[in-house]
Amino acid sequence: MRGKHIKRISKLKKKNGWLSIVLFLLTCIAAVGILVYALVIFVNYLLITKLSTECEKVLYLSSVYDESEGEAFSEQVLKLIGDSGAEFIIRDAGTGELLYGDVYNTCDYEGNSASDFRGDYPVIFYNDTRYSFISIDRTGDIGFDWAGIRKIISELSDDDLDEDLEGYDPSDQAMDFAFSLGSSEQVRLPIWIGTKLDDKDVFFIGKGYVTINIGDLMFLVIVSGVFLVLFTVIFLLFIVNMVGNIRSQARAMKLFFFDLVTKGHNRMWFYYNGEKILSRRRNASYQYVVVNLFFAKYNTFCLCHSVSEGEEILRTIYKKIGEHLKKGELYAHGNPEEFMLLLKVTNQDHIVDRLNLLIKELENIEGSINFTYHIGASVLLPSRDRDGKIVRRKDIDLEIEYNNACTARGTIPSNEGSSIAFFDVKLVEEKKWQDQVEAHAMEALENEQFLVYYQPKYDPITQELKGAEALVRWQSPEFGFIPPGKFIPIFESNGFITKLDHYMIEHVAKDQKKWYDGGYHCVPVSVNVSRAHFIEEDLAEQIRDIVDKVGTPRQLIEIELTESAFFDDKNALVKTIDKLREYGFKVSMDDFGSGYSSLNSLKDMPLDVLKIDAEFFRGDNAGERGRLVVAETIKLAAALNMKTVAEGVEQKEQVDFLASQGCDLIQGFFFSEPITGASFEDSMKARKANKY
């Protein structure tokens, strides 16, 4: 799956942009909806008000006619109503037959009752067949018939309007429709209003007019104008705010992707854009490589020169990398001394050629200084489905791939020249094992899962037990029996080795105390102390206090350090060794001959014991030249008043040779492999002697 932070970036960018747009659209829709709703409410109110006035007129005329008695009198009433200018008709309530009025009247045959006008005298509205402008729904609510109004407007062209208005007299009630802002300043729409007369069993239907004055229209225009102005202001403010937010977001994203040192792109930009490139369908068939380029000894350069000069070098490297890349490839600055690259390649040889060319260009960018670069590479092959068909890398997580490249680069020794290392799945297993070891280390220490094994040291002439070396083994409930090579390097790299050193010194001291009190012929046991421990100024005091707390004689504990420790702070190391010897401990150098400064170390270090590296007795070192070196080393140690111990001895010929050269002690499988404390105790039972 893609990295979580990359998903958050994509989500943030989409969310901010779309949220502003959605809010803007919703605001516009809400504003328009409010305007339309307000106008509809107002127009309907205006319509009902106008209709109410016309209804009162028609109901008055119908009541006059209803109260007339006798046919002759009714005829006279109808004539008087007609002479007053009112236009009306009378229909039979049962059959709907026209009983009185113009047979060519424009009253629609069917009408509808409106809920707003129901009462003691319910009315029925009939649309004018020529000018239909109202509608009544099933619930009786009355409103405008907008389709009919559009039809009116379309039928009344300019010529028709001029013809209708020719010779128009505003007092002429027979005029069906009139519109003249210049003269009457009103719009008159015809509507037929009827009511049933129960006494006469007829419908009295009169013609009324809904008159809309210029004042009504002006009110609508003013209200609409005010709303439009407010809406425009809000619209502009929202646009300004939205543009400001988008610009702010763009600036924020630019800063988020900006690298302060190189003035270019940073890690997050690389992850985000790299995943976009890798996940595109058109790039699915291409092979890519993710590169971690490490500027070795950058901190040393800054220490010798300055941080500003170091950053200038980083900017130059960044620029050179950019010149090396092609279209569709990415690069960025990660940690201070690291650069990140995404290259499109064809095969591993192509990768090596391109990276070697890049290294060659970068090694001499300063001119007088030859820089070193370590490169880790993680190859991304095309992704395929179960059928072998190439598919998109839709779930690519570039951060994981870059970490793989970093893991590969981490396998290059720090003192090695410019090198390239490729990621392998085995490295993942090693990293998982490292994580598991680190996770269980403290628990193992507290539960005493680390066991002390002893490898005896013998006199090559008398073959008597003269000493031993304490070695650690890990008996883990989760992983079983673990040899030291599987966890010691991890502890040395993460600093846990110092805690293990204390643990081993304490447990060896306890064993020695038990054996000493038991009357056994105790021999000195050497305990390894890591080079990481020697940076502590009070190391000698720590060891002294641990041994004294147990109550073990100090001469029974020998402190053993590797030759590599002599490459650190020599003055501090000499000071610690002097203190240890002053406190009564013997000090030995392990693996003599494995480094390149051994003779110089012997000159400066006040040591008691010299352990000759086992490699002198294996492979090419086992020849005459190796024998010569071993023989001279033994002589040199004797001249410096130091005892010698040969470790890794496995053959009788080696024992005989070492005995002939005066080697003091031999340690190796020829005499004994590392054994448990109980077995080592058994080896001493038969050799009880006086205590020291």
Query raised in the report: Hey, mind stepping through Phe371 and Phe301 against ring-ring contact (aromatic ring centres under 6.0 Å, His included) and telling me if it holds?
Result: CA-CA 10 Å; Phe371 291 122; Phe301 179 85; 5.6 Å; yes

Query raised in the report: Going through the checks in order, is the side-chain hydrogen bond (donor to acceptor under 3.5 Å, both in side chains) test met by Ser418 and Glu363?
Result: CA-CA 9 Å; Ser418 296; Glu363 281 181 334; 2.8 Å; yes

Can you see whether [X] engages [Y] through a side-chain donor-acceptor pair at a distance of less than 3.5 angstrom?
X	Y	value
Glu416	Ser419	yes
Asp501	Thr498	no
Arg267	Asn335	yes
Ser526	Lys457	yes
Ser530	Glu492	no
Asn347	Gln287	no
Gln455	Glu469	no
Tyr583	Glu541	yes

What I want to find out is whether [X] reaches [Y] closely enough, with some N-O distance under 4.0 Å, to be called a salt bridge.
X	Y	value
Glu338	Arg409	yes
Lys635	Glu632	yes
Arg554	Asp548	yes
Lys643	Asp608	no

Between [X] (side chain only) and [Y] (backbone N and O only), is there a donor and an acceptor less than 3.5 Å apart?
X	Y	result
Ser306	Cys302	no
Asn447	Gln449	no
His374	Gly417	yes
Glu558	Lys586	no
Tyr503	Phe450	yes
Asn292	Tyr402	no
Arg581	Pro606	yes
Trp474	Lys486	no

Quick check on the 6.0 Å ring-centre criterion: do [X] and [Y] meet it?
X	Y	result
Phe479	Trp433	yes
Tyr373	Phe294	no
Tyr331	Phe339	no

Report task. Kindly give the heavy-atom pair with the smallest separation between Leu342 and Glu329, and that separation in Å. Result -> O-CB, 3.2 Å

**Report entry** Pairing residues for His533 by the ring-ring contact (aromatic ring centres under 6.0 Å, His included) criterion, not counting sequence neighbours
**Finding:** His502

Requested in this report: Decide yes or no on side chain to side chain contact (heavy atoms under 4.5 Å, CB included) for Glu647 and Ile612, but give the supporting numbers first.
Outcome: CA-CA 6 Å; Glu647 58 182 342; Ile612 302 174; over 6 Å; no

**Report entry** From CA spacing to verdict: side chain to side chain contact (heavy atoms under 4.5 Å, CB included), Val508, Ile557
**Finding:** CA-CA 8 Å; Val508 170; Ile557 303 296; 3.8 Å; yes

